[in-house]
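Just so you know, these numbers use all the heavy atoms, side chains as well, and skip hydrogens, waters and symmetry mates. Please read all numbers here as calculations on a predicted model, not as lab measurements.
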Amino acid sequence: YWKSAYLGDLNDDVIEIVMDYTGRTPSTLTQLHIQHMHGLSSRLGEGETAFSNRNAAFIFNIVSKWTDSSDSEKNINWTRDFAAALKPYSTGSYINFISDDVSAKIQSVYSPENYKKLVDLKSKYDPHNFFSLNQNIKPA
């Protein structure tokens, strides 16, 4: 189970949240990935491709793993709570790292203009939604 957030900065508040939650990780298999952004992705304009949050400095992934199904609830809740604690510092989520509530979140990942472009493309090239097994954008 995973959650992600784009972060503008790794400020003291974010570091305190990370330290607090990593001190209470319910599984030793859980991983945190902090990837530095910038580079080419930040040099293009927001409307030039569908990729969003080009000004974020980092993408932070909480990747929860466990082996015993009886631990599912506590691991999922810990991950959700951790992501919720980071939300005030987040500028959004990366589309490929959305794990649940997909239909409600997909549109929020993109700028309104980019989302409309993607819906238009989907409507033109996949009007029957054949390609729908991922974080799907439905045709109009």
Side-chain angles (χ1 to χ4, degrees):
Y1 186 82
W2 61 86
K3 293 283 189 184
S4 78
Y6 284 111
L7 299 172
D9 191 10
L10 295 179
N11 63 36
D12 289 345
D13 292 338
V14 170
I15 292 169
E16 285 293 324
I17 292 166
V18 171
M19 295 302 294
D20 176 41
Y21 276 87
T22 56
R24 299 183 284 120
T25 308
S27 171
T28 58
L29 300 175
T30 292
Q31 302 170 357
L32 302 178
H33 306 161
I34 304 171
Q35 300 169 28
H36 187 252
M37 301 294 285
H38 292 300
L40 183 59
S41 69
S42 65
R43 287 185 227 132
L44 297 173
E46 185 75 27
E48 291 185 53
T49 70
F51 187 80
S52 60
N53 285 288
R54 293 181 174 280
N55 294 323
F58 301 92
I59 188 162
F60 190 93
N61 298 315
I62 307 162
V63 184
S64 294
K65 299 177 181 183
W66 60 96
T67 56
D68 187 340
S69 62
S70 68
D71 292 334
S72 294
E73 184 176 354
K74 72 179 172 183
N75 280 279
I76 290 170
N77 287 338
W78 176 88
T79 307
R80 286 179 176 160
D81 291 346
F82 192 171
L86 290 173
K87 191 166 181 70
Y89 308 95
S90 173
T91 61
S93 297
Y94 179 53
I95 190 71
N96 289 345
F97 297 148
I98 295 175
S99 62
D100 65 353
D101 305 324
V102 172
S103 60
K105 271 192 123 175
I106 287 178
Q107 189 167 350
S108 70
V109 169
Y110 300 103
S111 70
E113 298 81 15
N114 283 353
Y115 186 77
K116 182 183 179 327
K117 287 179 192 177
L118 292 168
V119 169
D120 291 346
L121 286 168
K122 182 74 171 203
S123 298
K124 181 177 180 177
Y125 293 105
D126 187 17
H128 303 292
N129 206 24
F130 178 79
F131 298 103
S132 61
L133 296 177
N134 57 1
Q135 291 82 348
N136 186 38
I137 294 174
K138 294 181 179 148

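For Lys116, the salt bridge (charged side-chain N to carboxylate O under 4.0 Å, His left out) partners two or more places apart in sequence, or in a different chain, are Asp120. Annotation: side-chain contact (heavy atoms from CB on, under 4.5 Å) contacts of Gln35 (sequence neighbours excluded): His33, Ile59, Asn61. With sequence neighbours left out, Trp66 forms a side-chain hydrogen bond (donor to acceptor under 3.5 Å, both in side chains) with Ser72. Partners of Ser4 according to the side-chain hydrogen bond (donor to acceptor under 3.5 Å, both in side chains) rule, which considers only residues two or more places apart in sequence or in another chain, do not exist here. With sequence neighbours excluded, the residues forming a ring pair (Phe, Tyr, Trp, His ring centres under 6.0 Å) with Phe58 are His36, listed by chain and number. Ser93 is linked by a side-chain hydrogen bond (donor to acceptor under 3.5 Å, both in side chains) to Lys105, counting only residues two or more places apart in sequence or in another chain. For the side-chain contact (heavy atoms from CB on, under 4.5 Å) test, residues two or more places apart in sequence or in another chain that qualify with Thr25 are Thr22, Thr30, Trp78. Partners of Asp126 according to the salt bridge (charged side-chain N to carboxylate O under 4.0 Å, His left out) rule, which considers only residues two or more places apart in sequence or in another chain, are Lys122.
Using a distance-only test at 3.5 Å, with no hydrogens or angles considered, a donor-acceptor pair links the side chain of Ser123 to the main chain of Ala140. No donor-acceptor distance shorter than 3.5 angstrom exists from the side chain of Thr79 to the backbone of Trp2, with no hydrogens or angles considered.
Residue pairs meeting the salt bridge (Lys or Arg N to Asp or Glu O under 4.0 Å) criterion with at least one partner in residues 22-42, sequence neighbours excluded, are Asp20-Arg24. Applying the salt bridge (Lys or Arg N to Asp or Glu O under 4.0 Å) test to residues at least two apart or on different chains, the pairs with a partner in residues 59-73 are Asp71-Lys74.
Through direct or indirect side-chain contacts shorter than 4.5 Å among Ile, Leu, Val, Met, Phe, Trp and Tyr, Met19 is connected to Ile15. Using a 4.5 Å cut-off between side-chain heavy atoms of Ile, Leu, Val, Met, Phe, Trp and Tyr, Phe130 falls into a hydrophobic cluster with Phe131.
Dense packing is recorded around CG of Asn11, with more than 12 heavy atoms of other residues, nucleotides or ligands lying under 6.0 Å away.
For the pair Tyr21/Leu32, no side-chain contact is recorded, criterion being any heavy-atom separation below 4.5 Å from C-beta on. Considering only heavy atoms from C-beta on, Asp9 stays 4.5 Å or farther from Tyr89 through its side chain.
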Verify side chain to side chain contact (heavy atoms under 4.5 Å, CB included) between Leu118 and Tyr110, making sure each step is shown before the conclusion. CA-CA 9 Å; Leu118 292 168; Tyr110 300 103; 3.6 Å; yes
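Following chains of ILVMFWY side-chain contacts shorter than 4.5 Å, one cannot reach Phe60 starting from Met37, and the two form parts of different hydrophobic clusters. Both Val14 and Phe82 belong to a common hydrophobic cluster when Ile, Leu, Val, Met, Phe, Trp and Tyr are linked at side-chain heavy-atom distances under 4.5 angstrom.
In this structure, Ser132 OG and Ile137 CD1 are separated by 12.5 Å, a value rounded to the nearest 0.5 Å. From Ile62, atom CD1 reaches atom CD1 of Ile34 across 10.0 Å, with rounding to the nearest 0.5 Å.
Here the closest non-hydrogen pair linking Asn75 and Pro26 is OD1-CG, 3.3 Å. For Gly8 against Ala57, the heavy-atom pair with the smallest separation is O-CB, 3.2 Å.
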